[in-house]
Structures are given as C-alpha cells and as structure tokens.
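Data first, discussion second: the structure below is written as structure tokens.
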Amino acid sequence: MKTTVPKAAILLSPPHMSGAEQHYIAEAFASNWIAPLGPHVDAFERELAEAVGAGHAAAVSSGTAAIHLALRLLGVGPGDRVFCSSLTFVASANPILYQGAEPVFIDAEPETWGMSPQALERALDEAAKEGRLPKAVIVVHLFGQCARMDEISALCGTYGVPIVEDAAEALGSSYKGRHAGTIGRFGIYSFNGNKIITTSGGGMLVSDDGDAIREARVLASQARDPAVHYEHSRPGYNYRLSNVLAGIGRAQLKVLADRVEARRAIFERYRTALEARPGIRFMPELPGTRSNRWLTALTVDEHLAGVTASQLVAWLAEDRIESRPVWKPLHLQPLFAGARFYSHGIREDVSARLFRTGICLPSGSAMTPEEQERVIERLKAGMKSGQAAAGT
Ligand SMILES: Cc1ncc(COP(=O)(O)O)c(C=O)c1O
C-alpha cells in the first residue's frame, strides 16, 4: 500500500537560533546566575542600548511589561486618556487598561499602515478643546515599518504629549537614520518567540532619560525601597528578565543585522514573484525608512484577484502553510467596544480595510528558498482562476 508522507509545516515566524546561545546559557549555569538579574542582563541592556543608539535600557519579562512601565513612568492613571494606534496587537493597548486609563484609538494611513497624522491631529485638537489631552501617545511600527514619526512628533510636540514607540515588531528598522524605538520619550522591543530575535520571552524598555530607566528597574523589581529589610512604599511588579534568557538575547543580538537582511530578501522574493498579479499590493516602505520586514504583508483586492485574503489564508493552511490576517483593529475588538476612534479620512477607516484585505506570509529568517518557492507556487495556484475561492 502506498503511504503519503505529510508535507512539513511552514510556519509564519518561528524562532531562529544562531548556535551561540548555548555558550551564554552554559556561562549562566556555570556561574549559577539563574535567577533574575545577573551579568548577562546588565550586558544585554548595554549591548542593546548601544546597538540602537539609546541612552539607557531596562531588560524586562515582555514587551507588554515594557509598555506598562512606560505608562506608569509617565504618570498614567485612572481617568487619564492614552492615544494608541488601532491597527496592532492587543498588547499595545492592554497596559492602558492595567492603569485604569481610557484608550482612544487612532486609524492607520495607507503609506506606512502606521498611525495617521491626520487622524491624530483631529484627535489632539478635540482633546485640547475638551481640556483632556492624553497623557501619552502609543505609536506602533507595524510589521517593522516605521510610522510617520516626523509628523507625529511635531503634533505631539505642539501639544506637549510624550510618545511611547511600540517597536515590538521593529527592532533593526530605521527612520531617517535613527533606530525605531529611539525617537519618542520611551521605546519598547519584544523578544517573544515570533519576533526577529527572541529570548523565548522578554522585552526591553529604552530611553535617553537615565533616571526613568533606573526607576523602571526598581518598579520591575517589586518597587523595593533602599533598606536592608524589605521596605515598600508603592506598588511594583515582577517584570525583570532572567539572566539565562538575557544570555540568549546577547547571542541573538549579534545576528540581528543578518536576520534583517534575510527577512528583507524574503520580502523581495515574494514581491518579485507576485507583484504583477492582479489585485496584489505589497506593504509599502516609506522613503527614508528601512523596514526590518518582520512579516511580509500584502493586500488582496478580491475583485481583481478573484479571491479574498481570508480564502488565501485557508488555502495555504490546507497545504500546511501558516499565514495570518493583518491584526484586527483594536477599535473593532469587543474588549474596546465604545472606545473613541479617529479615522484617517472622515469616512475612510483605513485599518478596517487593511484588516479585510491584508495577509501576512511566512517570513521566518530560517525559511529556505525551496520552502518559500512552495509558498509562492501555492499562492499562485490559489489566485489562478480563484481556486482558493472555489475550495472554500
Ligand atoms: C505590536 C506589538 N506590541 C506589543 C507586543 C507585546 O510583546 P510581548 O509579547 O513581548 O509582550 C507585540 C508582540 O507580541 C506586538 O506585536
């Protein structure tokens, strides 16, 4: 009897180890620095700050924790407003809820898929008139592409509102010669398993404000006051990164530039193979910026392509290829029902359109050209006379 061997799965963005991680882990074990904190943590903070050109960095247990600390340091509390990009993962906005503040969502714009300066301007104008300016604006650099930071910084500067850059997906990306995450008052990165480099789980808060970063480390360590015994005068968190994981991060950071090159090459191969197909548009790259192309994203115009983005996701899954829709905008999530939302145009909800038409393709830096060819051929077959549509 003939047996068919199932095809290997191709994942969206799996971890990609360099091999050197074991050396750092062994060092942590040999010195018995297993607990949170330790020499790898200090070195990882220093090395990351240097790599991105930030003054200071605090290593923490996740990107979400880093956003939470940034909001706490900015004094966000109950009754305050925080503006946030709508087209993002829920982790960008959850810390607003942790602080008991009110999220206000700002639409995306078509050239960066990041925060729309037009929508932000309307939101800030209105908030100023109401006398309720936000305590912070969280700007997300989506899939590695930087948002329009010049326009956003100018608007926030006019109103005196600090920016937190959510660069969880954008480590290694740059905006006009500056690293993503180093333009606002605070920047955050994620080292979650699916990110461009990973510690299995972890994050980093960066800023040029050394006092704030020192305070972040205290808050992340249960806010212990200086005393021999355990003295506490305000609430803190258990957010520090372990020395073992920081060791993994140090090895990963050394290959960051290679990982960016690999993901950019993957994006280019997809683009070369598929760009001419009717109805297909790849995520743009704003002039003056360099995306790490964490995920290759594109939109599908169903009238021209004959299939929808969600039909293509299902079609790829049938062949054990993992792809994903673009993030569902936060203003459309049940969790944030009733939250204010400012659209890009008066009647133009760009993030909802990108959600409806967008798809993220497998983009792992360890993906082989043969695997990518399999994805491309499957996509072509799905688009050809709407086969993916017929199959669903
Ligand atoms: C845009 C964005 N913000 C925040 C996060 C949260 O990072 P973490 O998973 O490390 O908490 C992620 C990813 O997980 C993300 O994609």
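In this text the structure is predicted, and so the values were computed from the model without any measurement. In listed order, ligands and their atoms are each counted from 1. Numbering starts at 1 and runs along the sequence shown.
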**Message:** Which residues pass the side chain to side chain contact (heavy atoms under 4.5 Å, CB included) test with R374, not counting sequence neighbours?
**Reply:** K7, I10, D319, R320, I321

**Item:** Atoms in ligand 1 with a heavy atom of A91 nearer than 4.0 Å
**Value:** 4 (C), 5 (C), 6 (C)

**Message:** Tell me whether W315 contacts the main-chain N or O of M383 through its side chain, where contact means a donor paired with an acceptor under 3.5 Å.
**Reply:** no

**Item:** Top protein contact for atom 3 (N) of ligand 1, by heavy-atom distance
**Value:** D166 OD2, 2.7 Å

**Request:** Below 4.0 angstrom from a heavy atom of A168, which ligand 1 atoms are there? Numbered from 1 as shown, please.
**Result:** 2 (C), 3 (N), 4 (C), 5 (C), 12 (C), 15 (C)

**Prompt:** Hey, is CD on E50 packed in by over 12 heavy atoms from elsewhere, all under 6.0 Å?
**Reply:** no

**Check: S291 main-chain N/O paired with E285 side-chain donor or acceptor under 3.5 Å** = yes

**Asked** Has ligand 1 got any nitrogen or oxygen that is less than 3.5 angstrom from a nitrogen or oxygen of T64?
**Response** yes

**Asked** Is the closest heavy-atom distance from G202 to ligand 1 below 4.0 Å?
**Response** yes

**Message:** Is it the case that over 12 heavy atoms from other parts of the model lie below 6.0 angstrom from the CZ atom of R185?
**Reply:** no

**Message:** Please list the nearest protein heavy atom to atom 9 (O) of ligand 1 with its residue and the distance rounded to 0.1 Å.
**Reply:** N192 ND2, 3.6 Å

**Asked** Does Y24 have R250 sitting over its ring (NZ/CZ under 6.0 Å from centre, angle to axis within 45°)?
**Response** no

**Prompt:** Within less than 4.0 angstrom of ligand 1, does S92 place any heavy atom?
**Reply:** yes

**Ring centers of F336, F341 separated by less than 6.0 Å** = no

**Asked** Counting only heavy atoms not in Y98, do more than 12 sit closer than 6.0 Å to its OH atom?
**Response** yes

**Request:** Using a 4.0 Å heavy-atom threshold (strictly under), name the region of S62 that reaches ligand 1: side chain, backbone, both or neither.
**Result:** both

**Message:** Suppose I only count heavy atoms of S190 and a 4.0 Å limit; which atoms of ligand 1 are within that range?
**Reply:** 7 (O), 8 (P), 9 (O), 10 (O)

**Asked** What do we get for T88 next to ligand 1 when only non-hydrogen atoms under 4.0 Å count, side chain, backbone, both or neither?
**Response** side chain

**Complete:** Among H141, K195, E169, closest by heavy atom to atom 13 (C) of ligand 1 is K195

**Message:** Using a 4.0 Å cutoff against the non-hydrogen atoms of G63, which atoms of ligand 1 qualify?
**Reply:** 7 (O), 8 (P), 10 (O), 11 (O)

